[in-house]
Amino acid sequence: MMIAVTAVSGQLGGAIARNLVKTSNGETIIGLARTPENAKGLGIEVRPGDYGQPEQLRASLNGVDTVLLVSGMDAPDARIQQHRNVIEAAKAAGVKKIVYTSIQGVEEGTAFSPVVQSNRQTEADVRASGLAYAIGRNGIYIEPDVDYIESYKAKGEIANSADAGKCGYTTRSELAHAYACLLTNDTFNGQTFNLWGTPITQTELAGYLNSAFGASLTYRAMTPEDFVADRVAELGDFIGPIIGGIYEGIHLGIYDEPSNFAEIAGRPHQSWDDYFGSLTG
């Protein structure tokens, strides 16, 4: 059996490929990347995999039984067609099963909703493909908050518009384990799963970061408008409102939902005590 993972030059795709290699039961693991030379060091064959190149995708999926489609990073309207290119190429190449990395969220009401809409459309396209499938809806990555620790420490606080809302965060390593299970276990076929850990508040997040990094962060709630303006100033007109929309969704309770992680992974999601405790070592 041959499993292909797309976007292996990215952090999630690379993590999934490494997990599959480590846990393989004889499957052949290959990667696809828009720029294969950026995916060296995985120890697997990496083929060209530009989502905008249908013929290239079809050739690179030759001989593949199961493909993992990592959601693209382009604008929402562009990524729908890019994902369709992968789905159509998979069908043309004789792929039997497709697993898609979608996201949690709502389709209306926040600045993040257009991104969610595009993912829901790809979910529909996957279900309509005629292939066996499984879909995961990822939690919000917690690693960016860890990577941002020096900026947080310089300000002495975490400030955003989540207020007291809880967020179902996850890590790329936990997602890599869950997706390896979805790829290799056909009992999950035809279903959609929520993949995140125990939801926490921003005040709880500040406490975990304080414990891990010896910081003294507090949490300050901002209005959605002020936080979007803050993010736009730092990240630009495209990413800024998207980030603002995520935190608005946290405030609205959108990301405080039950998770299916343990059902898929065969174990609970790593606890936040354990995750942040591992960062102090």
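Because only heavy atoms are used, hydrogens play no part in the values below, and waters and symmetry mates are left out as well, while side chains stay in. Note that the structure is predicted; figures quoted are calculated from it, not measured.
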S.K.: Is there a side-chain contact between Leu252 and Ile250, using heavy atoms and a 4.5 Å cut-off?
M.R.: no
S.K.: Could I get the full list of ring-ring contact (aromatic ring centres under 6.0 Å, His included) partners for Tyr141, not counting sequence neighbours?
M.R.: none
S.K.: Got a sec: does the CZ of Arg58 have more than 12 other heavy atoms crowding it under 6.0 Å?
M.R.: no
S.K.: Answer yes or no: is there a donor N or O on one side and an acceptor on the other, between the side chain of Gln56 and the main chain of Gly52, under 3.5 Å?
M.R.: no
S.K.: For side-chain hydrogen bond (donor to acceptor under 3.5 Å, both in side chains), just list the numbers for Gln104 and Asn194, CA-CA rounded to whole Å, side-chain angles, deciding distance to a tenth of an Å, and then say yes or no.
M.R.: CA-CA 7 Å; Gln104 61 174 319; Asn194 296 335; over 6 Å; no
S.K.: Yes or no on side chain to side chain contact (heavy atoms under 4.5 Å, CB included) for Trp196 and Asn138, after CA distance, side-chain angles and deciding distance?
M.R.: CA-CA 6 Å; Trp196 52 80; Asn138 297 351; over 6 Å; no
S.K.: Take Ile158 and Thr218, measure what side chain to side chain contact (heavy atoms under 4.5 Å, CB included) needs, and give me the verdict at the end.
M.R.: CA-CA 6 Å; Ile158 298 174; Thr218 58; over 6 Å; no
S.K.: Taking all heavy atoms of Arg220 and all of Glu157, pick out the closest pair and write down the distance.
M.R.: NH2-OE2, 2.8 Å
S.K.: May I ask you to check whether Arg137 and Thr101 show a side-chain donor-acceptor distance below 3.5 Å?
M.R.: no
S.K.: Check whether any side-chain heavy atom of Tyr133 sits under 4.5 Å from a side-chain heavy atom of Asn189, and report yes or no.
M.R.: no
S.K.: Per the side-chain contact (heavy atoms from CB on, under 4.5 Å) rule, which among Ile103, Thr110, Ile246 passes with Val115?
M.R.: Ile103
S.K.: Do Val146 and Tyr275 have side chains that get closer than 4.5 Å, going by heavy atoms?
M.R.: yes
S.K.: Should we say atom CG of Asp237 is surrounded by more than 12 heavy atoms from elsewhere, each under 6.0 Å from it?
M.R.: no
S.K.: What are the two closest non-hydrogen atoms of Val21 and Leu42, and how far apart are they?
M.R.: CG2-O, 4.5 Å
S.K.: My understanding is that only residues two or more places apart in sequence, or in another chain, count here; which of them pass ring-ring contact (aromatic ring centres under 6.0 Å, His included) with Phe188?
M.R.: Phe193
S.K.: Does any part of the side chain of Pro241, heavy atoms only, come nearer than 4.5 Å to the side chain of Arg231, both counted from C-beta?
M.R.: no
S.K.: Do the side chains of His251 and Asn160 get nearer than 4.5 Å, heavy atoms only?
M.R.: no
S.K.: If we only count heavy atoms from C-beta on, is the Val106 to Val116 side-chain gap below 4.5 Å?
M.R.: no
S.K.: Measuring only between side-chain heavy atoms, which start at C-beta, is Arg267 closer than 4.5 Å to Glu174?
M.R.: yes
S.K.: For the residue pair Val8 and Ala33, what are the closest heavy atoms and their distance?
M.R.: CG2-CB, 4.1 Å
S.K.: Strictly by side-chain hydrogen bond (donor to acceptor under 3.5 Å, both in side chains), give each pair with a member in residues 31-54 just once, sequence neighbours left out.
M.R.: Thr6-Tyr51, Glu45-Arg47
S.K.: Specify whether Phe227 and Tyr247 have parallel, tilted or perpendicular ring planes, treating 30° as the upper limit for parallel and 60° as the lower limit for perpendicular.
M.R.: perpendicular
S.K.: List, one per line, each side-chain donor-acceptor pair under 3.5 Å for residues 161-170, sequence neighbours excluded.
M.R.:
{"unit_1": "Tyr169", "atom_1": "OH", "unit_2": "Gln202", "atom_2": "NE2", "d": "2.9"}
{"unit_1": "Thr170", "atom_1": "OG1", "unit_2": "His269", "atom_2": "NE2", "d": "2.9"}

S.K.: For side chain to side chain contact (heavy atoms under 4.5 Å, CB included), just list the numbers for Ile135 and Val99, CA-CA rounded to whole Å, side-chain angles, deciding distance to a tenth of an Å, and then say yes or no.
M.R.: CA-CA 6 Å; Ile135 296 168; Val99 177; over 6 Å; no
S.K.: Roughly how far, to the nearest 0.5 Å, is CG of Asn210 from CG of Leu217?
M.R.: 4.5 Å
S.K.: Over all heavy atoms of both residues, which pair between Val95 and Leu131 is shortest? Give the atoms and the distance, please.
M.R.: O-CD2, 3.1 Å
S.K.: Which heavy atom of Gly105 sits nearest to which heavy atom of Ile254, and what is that distance?
M.R.: CA-CG2, 3.9 Å
S.K.: Among pairs that include at least one residue of residues 94-121, which meet salt bridge (Lys or Arg N to Asp or Glu O under 4.0 Å), considering only residues two or more places apart or in two chains?
M.R.: Asp65-Lys96, Lys97-Asp186, Arg120-Glu123
S.K.: Could you check if a side-chain atom of Thr66 sits within less than 4.5 angstrom of a side-chain atom of Ile98, using non-hydrogen atoms only?
M.R.: no
S.K.: Could you work out, with ring-ring contact (aromatic ring centres under 6.0 Å, His included) as the rule, every residue matching Tyr100, not counting sequence neighbours?
M.R.: His83
S.K.: Going through the distances and angles, do Leu68 and Ile3 end up as a side chain to side chain contact (heavy atoms under 4.5 Å, CB included)?
M.R.: CA-CA 8 Å; Leu68 179 84; Ile3 299 173; 5.7 Å; no
S.K.: Which heavy atom in Ala176 sits nearest to a heavy atom in Ala15, and how many Å separate them?
M.R.: CB-O, 3.4 Å
S.K.: Any carboxylate oxygen within less than 4.0 angstrom of a Lys/Arg side-chain nitrogen, looking at Arg84 and Asp125?
M.R.: yes
S.K.: Would you kindly say whether Thr171 and Ser173 are connected by a side-chain donor-acceptor distance under 3.5 Å?
M.R.: yes
